[in-house]
Amino acid sequence: MFAVQHLIETLVHDALEASVASGELALAELPEVTVERPRDVTHGDWATNVAMRAAKPAGMPPRAVAEVIAARMSGHADIASVEIAGPGFINIRLSDAALQRVVREARAQGTSFGSSKLGAGRTVQVEFVSANPVGPMHVGHGRWAALGDSLARILAHAGYSVEREFYVNDQGVQMDVFAESVAARYLELAGREVTFPEEGYRGAYITDIAREIMAEEGERWADTSAEEREAYFKEKAYAQVLAHLKHVLSGMGVEFDVWFSERTLHAPGDDGGPSAIERAIARLREAGYIYEHEGATWFRSTDFGDDKDRVLLKADGSYTYFAADVAYHWNKLEERGFDVVIDIWGADHHGYVKRMEAAVAALGHPGKLKLIIGQLVNLFRNGEVVRMSKRTGEMVTFEDLLDEVGPDAARYFFLRRSTDQALDFDIALAKEQSSDNPVYYVQYAHARICSILRKAADAPEAEDVSALAAALVPADADLSLLTTEAELGLFRKLAEFSEVVEAAAEQYTPHKLTRYAEELAASFHQFYTVCRVVNPDAPALTVARLAVVDASRIALESVLGLLGVHAPQRM
RNA sequence: GCGCCCUUAGCUCAGUGGAUAGAGCGUCCGGCUACGAACCGGGAGGUCGCAGGUUCGAAUCCUGCAGGGCGCACCA
């Protein structure tokens, strides 16, 4: 995919360079060339402020600089006009030929439309959700699931080699409490006197798990030692919860490549040698960032801007959660060698950002860890806050939400807001099948297109509209017949796709794609309202319009695919 | 007390240092004898939280203040 933005940047840059070479502009160094989309369409497709940036060093008025550069840009086949405007903007308008090429490319490339080589094959790991396997996921996890998965899809589309990973905290205090909780419920079911653990998990699912064990194995665990019982229940219950997490995530179309067990970080190495945690600490020690104090082993994270140093090995001989996390990131960056590692965390964990970045820097990989901090989700129903209590375990879970609104609406709503904005999720609105609900607006455009293609092919029952389009419209259809504002507007919107994907990939902002999806759908609906597509009296025009319709179908399917939302052919 | 995020139209939110700050919903007025009206067109609606600063230019960058959210463990 040729991204128009890069073409324009190159053209401006070359014109600038040539102007300096010829002596028309006296510049010691070239200013950075940036092009942007003007807000106002009358200002053309692209604009650059480079003349204003170069004016002072060149000792010329901005508009005079712009004149020099603009004179060297006109004449290119992809450019219809170059104009100087305002204080010194250079406004560039694409030629119809350039726009028509985008339509042909979309049809030729199919699902790879909008892809780019931005990532150049670099490897990226996206770790997200990583919910503790001791209970159901809350709706926040749903947001991270949608975000991480969509980001992974976008990065892959932008040319990165992507892996999705779920870090399983299958060791530690929470697992112990979890096992004790299940054991206590089990004993209750067996009719024994038992005091429920003070900090135990009180959700009804704990009892469900206990009941299941009871059904399978009877009361044989009621009279064993607590250690034996809890050790067994821990594995049993944890396996069940993990399977449940996978099931729920899968229900929203989120599949992980790797489920990484925290236990492997504590376990001895493959050769029976030191564990990953021990190796990581040794590495930090070599680098001089470790010291002992009051019986504990500390990491001097303050060397990297953290507020205070952090304990890795506690005085009681056990490792902190952070120690495992250090080892985990050492594993990601050093042992598995990812070029970029992305962690998606909830805002409630932002306090760990500095120490994690410090650890990664101390391990010799500064800057490779990208931490995305997502703000939390507030649930509403018809404008009323849905209250939840963690203490009693009463809550609307991610699974409940998914069951109620469905995967498409859930994902779309999770992705529609920028990550650093708290999300108000209104369950009633997400369920509503009306124009209030943007996911239907976009899907409707796609279904409408499919209907047109079926109509054009006179095949109302056809399932494969892609084949219909291929048969109806040759690759070299004469697109120069399409000259109305609505048609050209749609061309322009299609031409934006690639650059939106790149921006979303570079800035980790899937919400840009929901916005683009709505804009693309709007451009299509406008086109549809004004331009009759299937017209027996004008076969050439019909074919040309069907080409744009098909390109729009491909783009909508592609953008919805990046969001993980289904593109229905009928609805 | 310290740190991070947020504050833009009645509501929910976009907005890469640029030109007259946008979208959806809501509201008002219009548009189906042709391909899907779950659609389209138009109007009204803004001290971009407040105050300074940086510069050719600030919703955007810096500082301070106010309001809201989330964190500040040898917990995970």
Side-chain angles (χ1 to χ4, degrees), chain A residues 34-40 42-43 47-49 52-53 55-56 62 85-89 91 132 134 169 171-175 177 199 262 293-298 307-308 310-325 346-354 373-376 378 380 383 416-424 426 429 432-438 440-445 447-456 486 499 503 506-507 511-512 514-515 518-519 521-522 524-536 542 545-546 549 570-571:
Chain A
T34 56
V35 298
E36 60 183 21
R37 292 269 181 185
R39 285 213 178 89
D40 188 336
T42 65
H43 293 144
T48 178
N49 62 357
M52 286 180 281
R53 297 171 68 122
K56 196 178 251 182
F89 289 103
N91 290 338
N132 286 316
V134 297
N169 297 120
Q171 173 152 351
V173 178
Q174 296 194 69
M175 286 292 285
V177 173
E199 298 297 318
E262 180 186 350
H293 178 63
E294 292 182 351
T297 301
W298 295 71
D307 303 326
K308 53 170 296 205
R310 305 294 171 177
V311 169
L312 294 172
L313 181 57
K314 294 184 263 184
D316 69 2
S318 64
Y319 290 107
T320 59
Y321 179 86
F322 178 56
D325 243 351
D348 52 342
H349 286 82
H350 76 258
Y352 298 90
V353 169
K354 279 209 175 128
I373 303 303
Q375 296 300 310
L376 303 174
N378 303 308
F380 288 79
R416 199 156 179 255
R417 297 291 175 244
S418 76
T419 312
D420 47 18
Q421 188 88 240
L423 174 65
D424 290 341
D426 194 310
L429 177 60
E432 204 168 309
Q433 304 207 358
S434 76
S435 56
D436 291 1
N437 192 337
Y440 290 105
Y441 179 78
V442 178
Q443 290 182 319
Y444 179 68
R448 206 177 202 189
I449 285 171
C450 294
S451 175
I452 297 168
L453 291 170
R454 289 191 298 265
K455 169 82 175 180
E499 80 204 48
E506 283 181 305
Q507 300 161 31
H511 78 274
K512 286 184 189 296
T514 60
R515 192 164 195 84
E518 288 165 45
E519 290 171 2
F524 177 77
H525 286 311
Q526 287 157 17
F527 157 81
Y528 176 89
T529 303
V530 177
C531 299
R532 168 85 195 172
V533 178
V534 180
N535 181 356
T542 296
R545 285 182 172 164
L546 282 172
V549 168
R570 294 183 172 86
M571 53 192 287

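The structure displayed is predicted, hence computed values, not measured ones.
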Determine the contact category for [X]: base if any of its heavy atoms lies under 4.0 Å from a base atom, sugar-phosphate if only primed atoms, P, OP1 or OP2 are that close, otherwise nothing.
X      : result
A/R416 : nothing
A/K455 : sugar-phosphate
A/A447 : base
A/F322 : nothing
A/E294 : base

In whole angstrom, what separates [X]'s [atom1] from [N]'s [atom2]?
X      : N     : atom1 : atom2 : result
A/Y444 : B/G36 : OH    : P     : 8 Å
A/E518 : B/U12 : CD    : C1'   : 12 Å
A/E36  : B/U16 : CD    : P     : 11 Å

5′-ward residue of the pair A/R570/A/V311 relative to RNA chain B: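 Whichever sits nearer the 5' end wins; that is A/R570.
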Earlier contact from the 5' end, RNA chain B, for A/V173 and A/L453: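 Result of the comparison: A/L453.
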Minimum-distance pair of heavy atoms, taken over all atoms of A/A503 and A/K512: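 Heavy atoms only, the tightest pair is CB-CD, 4.1 Å.
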Nearest heavy-atom neighbours spanning A/V530 and A/A486: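 Minimum heavy-atom contact is CB-CB, 4.3 Å.
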C1' gap between B/C40 and B/C35, integer Å: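 About 15 Å, rounded to a whole number of Å.
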